[in-house]
Amino acid sequence: SQGDGDMPLPRHCDSITFEQVCYAYPGASEQAVRSVDLQVQFGEHVAIVGPNGSGKTTLMSMLPRLLVPVSGRICVDGFDISKVDLKTLRRQVGVVTQDSFMINGTVTENISFGAGDVTADQVQEAARLAHATSFIEEMPGQWDAVIAEGGASLSGGQKQRIAIARALVRNPAILILDEATSQVDAESEVSIRDAIQDAGVDRTMLIIAHRMASVMTADRILVLDEGSVVDIGTHDELLERCEIYARLTRTQLVPATES
């Protein structure tokens with residue numbers, strides 16, 4: 001049953017809960033996500049960290065129902081998402097993935113890609129929240145400047161901010177961010193950090209975090225290992241009591257580049 005409910009999901013304003021959620025990829029002998037319980041309040045910013053292959057992306061892919069749990073359930077404001085109209089769920093979830101692809105089209109077309117009918121004002125507001133306005137307005141043609149396929153004319157940090165703007169253009173209530181680890185220059189690093197803060201106002205934000213800045217500014221941090229929740233808490237709490245987290249901060253979380 002691929003999200004076959006016909007009940008529209010009202011705009012998220014209360015909580016997201018994962019209840020004993022498990023997922024196994026077809027043919028895999030081990031579960032990628034094991035019995036995850038998590039409750040997130042509306043407006044909370046939760047960072048998700050863990051070693052490579054710990055199930056971070058798998059877990060987040062179940063919220064917009066790109067993947068369906070093999071057991072357990074996910075509820076938004078108490079509504080089981082397997083029983084709601086899929087369009088009304090996905091319209092509320094903005095997703096920024098690691099490989100933010102660019103289409104061969106204008107800046108405006110890239111930001112509004114996949115969003116249906118959006119106004120120029122909505123595009124520009126999304127770009128403002130994503131801290132993209134300054135570099136867009138410096139480009140010849142500005143909003144009508146053509147971005148080549150793959151975005152070769154843009155820096156990594158600029159692409160990331162266009163991708164954040166694209167995720168925000170429909171004003172989603174939930175933002176899922178899979179941070180790119182690609183090295184971005186110091187100026188972009190600061191802009192992206194600010195963009196993430198501004199993008200998260202009045203919405204629930206779940207960040208698969210690869211940068212120290214994101215875990216430091218999160219309300220709580222979820223530590224995953226081999227598909228299971230190992231611990232959840234603030235940076236200071238986890239540093240003190242969670243060995244896996246302490247190791248991740250030394251080896252995997254990228255500190256902000258010196259500006």
K.L.:
Give, for atom CZ of R90 and atom CG of L63, the distance between the pair rounded to the nearest 0.5 Å.
P.N.:
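So the gap between those two atoms works out to 11.0 Å.
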
K.L.:
Scan residues 104-123 for pairs that pass salt bridge (charged side-chain N to carboxylate O under 4.0 Å, His left out), counting only residues two or more places apart or in two chains.
P.N.:
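Residue pairs passing salt bridge (charged side-chain N to carboxylate O under 4.0 Å, His left out), neighbours aside: none found.
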
K.L.:
Excluding sequence neighbours, so at least two apart, what forms side-chain contact (heavy atoms from CB on, under 4.5 Å) with Y25?
P.N.:
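Partners of Y25 under the side-chain contact (heavy atoms from CB on, under 4.5 Å) test: Y23, A28, A32, T58, L67.
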
K.L.:
Side chains of residues 33-40: which donor-acceptor pairs under 3.5 Å do they make with residues two or more places apart or in other chains?
P.N.:
residue, atom, partner, partner atom, Å
R34, NE, E226, O, 2.6
R34, NH2, E30, OE1, 3.1
D37, OD1, Q20, N, 2.8
D37, OD2, Q20, NE2, 2.7

K.L.:
Taking all atoms of both residues into account, what is the closest heavy-atom pair of P64 and L86, and its distance?
P.N.:
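Minimum heavy-atom contact is O-CD1, 4.1 Å.
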
K.L.:
If you compare all heavy atoms of G105 against all heavy atoms of N110, which two are closest, and at what distance to 0.1 Å?
P.N.:
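Looks like O-ND2, 3.4 Å.
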
K.L.:
About how many Å separate CG of L66 and OG1 of T97, when rounded to the nearest 0.5 Å?
P.N.:
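The OG1 atom of T97 sits 10.5 Å away from the CG atom of L66.
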
K.L.:
For the pair V21 and M62, evaluate side chain to side chain contact (heavy atoms under 4.5 Å, CB included) and give the outcome as yes or no after the intermediate values.
P.N.:
CA-CA 9 Å; V21 170; M62 288 189 271; 3.6 Å; yes

K.L.:
Would a distance-only check, ignoring hydrogens and angles, find a side-chain to backbone donor-acceptor pair under 3.5 Å from D80 to C75?
P.N.:
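Checked: no pair found.
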
K.L.:
Can you hop from V169 to V107 via hydrophobic side chains spaced under 4.5 Å?
P.N.:
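Same cluster.
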
K.L.:
In Å, rounded to the nearest 0.5 Å, how long is the span from CD of Q197 to CG of D194?
P.N.:
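Rounded to the nearest 0.5 Å, the CD-CG separation comes to 8.0 Å.
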
K.L.:
Please check: side-chain N/O of R203 versus main-chain N/O of P172, any donor-acceptor pairing under 3.5 Å?
P.N.:
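Yes.
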
K.L.:
Is I16 reachable from M7 through a run of I, L, V, M, F, W or Y residues, each pair having side-chain heavy atoms under 4.5 Å apart?
P.N.:
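In one cluster with M7: I16, yes.
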
K.L.:
How close do L224 and P51 get, counting heavy atoms only, and between which atoms?
P.N.:
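In terms of heavy atoms, the two residues are closest at O-CD, 3.3 Å.
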
K.L.:
Does I111 belong to the same Ile/Leu/Val/Met/Phe/Trp/Tyr cluster as V95, with side-chain heavy atoms less than 4.5 Å apart forming each link?
P.N.:
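No, because I111 and V95 fall into different hydrophobic clusters, even though each may have its own neighbours under 4.5 Å.
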
K.L.:
Does one hydrophobic cluster hold both I162 and I103, with members joined at side-chain heavy-atom distances below 4.5 Å?
P.N.:
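No; I103 is not reachable from I162 via cluster members.
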
K.L.:
Can you name the closest pair of heavy atoms from Q41 and T204 and give their distance?
P.N.:
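In this case the closest contact between Q41 and T204 is O-OG1, 3.9 Å.
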
K.L.:
Taking all non-hydrogen atoms of both residues, which atom of V123 and which atom of S112 are closest, and how far apart?
P.N.:
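Smallest heavy-atom distance, with atoms named: CG2-CB, 4.1 Å.
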
K.L.:
Applying ring pair (Phe, Tyr, Trp, His ring centres under 6.0 Å), which residue pairs with at least one partner in residues 45-91 are found, sequence neighbours left out?
P.N.:
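Every candidate ring pair (Phe, Tyr, Trp, His ring centres under 6.0 Å) pair involving residues 45-91 fails, so no pair, neighbours aside, qualifies.
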
K.L.:
Mind checking side chain to side chain donor-acceptor pair (under 3.5 Å) for Q122 and listing every partner two or more places apart, or none if nothing turns up?
P.N.:
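Testing Q122 for side chain to side chain donor-acceptor pair (under 3.5 Å), a comparison that skips the adjacent residues, returns T119.
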
K.L.:
Report yes if some heavy atom in the side chain of L59 is under 4.5 Å from a heavy atom in the side chain of L222; otherwise report no.
P.N.:
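With C-beta onward as the side chain, the pair touches.
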
K.L.:
Under the side-chain contact (heavy atoms from CB on, under 4.5 Å) test, which residues partner K159, sequence neighbours left out?
P.N.:
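Partners of K159 by the side-chain contact (heavy atoms from CB on, under 4.5 Å) criterion, ordered by chain and then number, come out as S100, M102, L154.
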
K.L.:
Residues two or more places apart in sequence or in another chain: which of them pass ring pair (Phe, Tyr, Trp, His ring centres under 6.0 Å) with F42?
P.N.:
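Once residues adjacent in sequence are excluded, the partners of F42 under the ring pair (Phe, Tyr, Trp, His ring centres under 6.0 Å) criterion are H12.
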
K.L.:
When the side chains of residues 130-147 are checked against the rest of the protein, which donor-acceptor pairs come out under 3.5 Å, sequence neighbours left out?
P.N.:
residue, atom, partner, partner atom, Å
H131, NE2, D198, OD2, 2.7
T133, OG1, R128, N, 3.4
Q142, NE2, E137, O, 2.9

K.L.:
Please round to the nearest 0.5 Å and tell me the distance separating atom CD of Q92 and atom CZ of R11.
P.N.:
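Those atoms lie 6.5 Å apart.
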
K.L.:
Just to verify, what does R170 make a side-chain contact (heavy atoms from CB on, under 4.5 Å) with, not counting sequence neighbours?
P.N.:
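A115.
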
K.L.:
Can you list everything that forms a side-chain contact (heavy atoms from CB on, under 4.5 Å) with A47? Sequence neighbours excluded, please.
P.N.:
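A47 satisfies side-chain contact (heavy atoms from CB on, under 4.5 Å) with A209, V215, A218, I221 only.
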
K.L.:
In residues 238-245, what donor-acceptor pairs under 3.5 Å come from side-chain atoms, sequence neighbours left out?
P.N.:
residue, atom, partner, partner atom, Å
R241, NE, D231, OD1, 3.4
R241, NE, D231, OD2, 2.8
R241, NH2, D231, OD1, 2.9
R241, NH2, I232, O, 2.9
Y245, OH, H235, ND1, 2.7

K.L.:
Not counting sequence neighbours, which residues clear side chain to side chain donor-acceptor pair (under 3.5 Å) with E44? List them please.
P.N.:
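R220.
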
K.L.:
Are L177 and I164 close enough that some pair of their side-chain heavy atoms sits under 4.5 Å apart?
P.N.:
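Touching, per the 4.5 Å side-chain cut-off.
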
K.L.:
With rounding to the nearest 0.5 Å, note down the distance linking CG in L9 to CG in L89.
P.N.:
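Nearest 0.5 Å value for the CG-CG distance: 6.0 Å.
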
K.L.:
Minimum heavy-atom separation for K56 to G50, with atom names?
P.N.:
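Nearest heavy atoms, K56 then G50: NZ-O, 2.8 Å.
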
K.L.:
For the residue pair T234 and D236, confirm or rule out a side-chain donor-acceptor distance under 3.5 Å.
P.N.:
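Checked: T234/D236 side chains show no N/O donor-acceptor pair below 3.5 Å.
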
K.L.:
Kindly compute the distance separating OG (S82) from CZ (R73), expressed to the nearest 0.5 Å.
P.N.:
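S82 atom OG to R73 atom CZ measures 8.5 Å (nearest 0.5 Å).
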
